Amino acid sequence: MTDVLHWFRRPRETEEERERAALTTQLHETRCAIQRTYLQFNSTGDPDLIDAAVFDLKAEQARYSYLLRRLKSMDRPDPALKAE
């Protein structure tokens with residue numbers, strides 16, 4: 001019975017906390033993907049594979065920038081709320 005009561009008293013994660021955790025996880029995964037792409041780029045000599053690695057790197061960097069902007073925007077107060 002105490003286990004059930006403990007479950008009900010547990011603070012619930014807000015939607016913003018879940019989104020922040022998901023963004024942080026995606027940011028970490030993207031950082032790992034960038035590192036893998038650099039390794040691929042440095043280990044190949046074929047011009048076509050080098051081109052592919054450069055495109056992949058640019059895509060991963062754009063994704064990283066996007067995720068970072070989203071995460072930072074969560075820390076800033078909403079300007080629309082200040083207008084009231």
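When reading the values below, keep in mind they use all heavy atoms of this one structure, side chains included, and skip hydrogens, waters and symmetry mates. For clarity, every value in this text was computed on a predicted model and none was experimentally measured.
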Approximate separation, where rounding is to 0.5 Å, of Q26 CD and Y64 OH: 13.0 Å
Supply the members, apart from V54, of the Ile/Leu/Val/Met/Phe/Trp/Tyr cluster built from side-chain contacts under 4.5 Å; use none for a lone residue. F41, I50
State yes or no: do F55 and L57 share one hydrophobic cluster built from I, L, V, M, F, W and Y residues joined by side-chain heavy-atom distances below 4.5 Å, directly or via other members? no
In chain order, what residues pass the side-chain hydrogen bond (donor to acceptor under 3.5 Å, both in side chains) check against T37, with sequence neighbours excluded? none
Trace of the side chain to side chain contact (heavy atoms under 4.5 Å, CB included) decision for T30 with Q61: CA-CA 8 Å; T30 304; Q61 287 173 334; over 6 Å; no
Enumerate the salt bridge (charged side-chain N to carboxylate O under 4.0 Å, His left out) contacts for residues 37-57, please, sequence neighbours excluded, ordered by first and then second residue. none
Trace of the side chain to side chain contact (heavy atoms under 4.5 Å, CB included) decision for Q35 with L39: CA-CA 6 Å; Q35 290 172 346; L39 288 173; 5.7 Å; no
CZ/R63 to CG/L27 distance, rounded to the nearest 0.5 angstrom? 9.5 Å
Write out all pairs satisfying salt bridge (charged side-chain N to carboxylate O under 4.0 Å, His left out) with one or both partners inside residues 17-40, taking only residues at least two apart or from two chains. E15-R18, E16-R20, E19-R70, R20-D75
My understanding is that a hydrophobic cluster links ILVMFWY residues whose side chain heavy atoms are under 4.5 Å apart, including indirect links. Using that, what else belongs to the cluster containing L49? none
